[in-house]
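Following: one structure in structure tokens, then a few remarks.
Residues: numbered from 1 along the sequence shown.
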Amino acid sequence: SWAQPTIYAGPDTTICGGANLTLTATVVPQAPIAYAPDSYTTGTVVGGYSDDSHGPVIPIGFNFCYLGNTYNSLVISSNNYVTFNLPNANQFSPWVTTVVPNTANPEVLNAVMGPWQDINPGVGGTIRYQLYGTAPYRHISISWYQVPMFSCTGILYTSQIKLFETTGMI
């Protein structure tokens, strides 16, 4: 099971308008999350990708809170990110060398980059997703497995993004 944060700000205190109140916080160190990828070769294969493309809308399997909004679906990019902008489904997915966010590339707003790469699943590799666990501590794992780099197709790229239910961890 997952540890849930607890916040205690002390006893109730009444202050008058214009008065100051100082709050302090102590961060309790947590153990780092171990490197533990899920299987890259199991799960639902998402096909039909070409260079610089978004795939279809994928159900997450649970409600996921990201930047203050709750989502139950996402779109996977061929360039190693997921976006919650569902109109991007089956559309162009840019790979550019500009700062993100950038209004010139709204396709990559509201996205989890992992990292943004110019890879080309149109010539090989697989993109897949899999839901793991039981509520309320499930996670969805999105994998790019042995996908050739765009300009150097002999170099194969493997990556994984995990989104965790309840904790909101990525």
Side-chain angles (χ1 to χ4, degrees), residues 1-4 30-97 99-101 105 107-170:
S1 104
W2 295 79
Q4 296 296 310
Q30 298 291 317
I33 299 171
Y35 174 70
D38 292 318
S39 172
Y40 288 102
T41 58
T42 60
T44 302
V45 173
V46 186
Y49 283 95
S50 60
D51 183 42
D52 297 335
S53 63
H54 285 108
V57 173
I58 303 294
I60 296 173
F62 52 85
N63 288 330
F64 183 74
C65 182
Y66 183 68
L67 299 176
N69 294 304
T70 301
Y71 303 95
N72 59 18
S73 298
L74 55 78
V75 174
I76 302 170
S77 166
S78 67
N79 290 323
N80 199 54
Y81 68 86
V82 297
T83 179
F84 301 104
N85 289 342
L86 303 186
N88 287 345
N90 303 307
Q91 302 295 316
F92 175 67
S93 173
W95 188 87
V96 294
T97 56
V99 176
V100 175
N105 298 105
E107 301 87 354
V108 295
L109 297 176
N110 200 27
V112 175
M113 311 298 238
W116 197 8
Q117 290 286 344
D118 194 11
I119 53 180
N120 188 355
V123 296
T126 56
I127 297 175
R128 63 180 80 227
Y129 68 95
Q130 178 73 37
L131 183 64
Y132 292 92
T134 57
Y137 300 110
R138 295 171 286 192
H139 73 275
I140 187 170
S141 189
I142 302 100
S143 300
W144 294 258
Y145 182 67
Q146 296 186 346
V147 178
M149 298 299 287
F150 176 75
S151 295
C152 304
T153 57
I155 298 174
L156 303 180
Y157 180 83
T158 297
S159 176
Q160 195 167 84
I161 293 174
K162 295 182 185 183
L163 306 177
F164 290 83
E165 181 181 27
T166 303
T167 65
M169 290 181 13
I170 299 172

Side-chain touch Ile76/Trp144, heavy atoms, less than 4.5 angstrom: yes
Distance-minimising heavy-atom pair for Val75 and His54: CG1-CB, 3.6 Å
Side-chain donor/acceptor of Ser143 to backbone N/O of Tyr145, under 3.5 Å: no
Polar side-chain atom of Arg138 near backbone of Gly61 as donor-acceptor pair, under 3.5 Å: yes
Distance-minimising heavy-atom pair for Pro121 and Ile127: CG-CD1, 3.9 Å
Validation row: Leu86, Tyr71 side chains within 4.5 angstrom (heavy atoms): no
Nearest heavy-atom neighbours spanning Ser159 and Gly114: OG-O, 3.1 Å
Nearest-0.5 Å distance that lies between atom SG in Cys65 and atom CG in Leu163: 12.0 Å
Validation row: Ile142, Val112 side chains within 4.5 angstrom (heavy atoms): no
Ser78 (side chain) donor-acceptor with Asp52 (main chain) under 3.5 angstrom: yes
Straight-line distance of Phe62 CZ to Phe164 CZ, nearest 0.5 Å: 8.5 Å
Value rounded to 0.5 Å, distance of CZ in Phe64 from CG in Asn69: 11.5 Å
Side-chain heavy atoms of Ile58 within contact of Pro56, under 4.5 Å: yes
His139 and Asp38, any side-chain heavy atoms less than 4.5 Å apart: yes
Pairwise side-chain contact, Asn79 with Gln117, heavy-atom cut-off 4.5 Å (strictly under): no
Shortest non-hydrogen contact from Ser93 toward Tyr81: OG-OH, 3.0 Å
Donor-acceptor contact present, side-chain Thr166 to main-chain Pro136, <3.5 Å: yes
Note, Asn80 side chain near Ile119 side chain (heavy atom, < 4.5 Å): yes
Worked check of side chain to side chain contact (heavy atoms under 4.5 Å, CB included) between Thr126 and Tyr40: CA-CA 9 Å; Thr126 56; Tyr40 288 102; over 6 Å; no
Non-hydrogen atoms of Val82 and Ile161 that approach each other most closely: N-CD1, 4.4 Å
Within 6.0 angstrom of Tyr157 OH, more than 12 heavy atoms from elsewhere: yes
Side-chain touch Trp116/Ser77, heavy atoms, less than 4.5 angstrom: no
Identified side chain to side chain contact (heavy atoms under 4.5 Å, CB included) partner of Tyr129 from the options Val46, Val45, Ile60: Val46
Approximate separation, where rounding is to 0.5 Å, of Tyr35 OH and Gln160 CD: 7.5 Å
Asn63 side, atom CG; Thr70 side, atom OG1 - distance, nearest 0.5 Å: 6.0 Å
Value rounded to 0.5 Å, distance of NZ in Lys162 from CD in Gln130: 12.0 Å
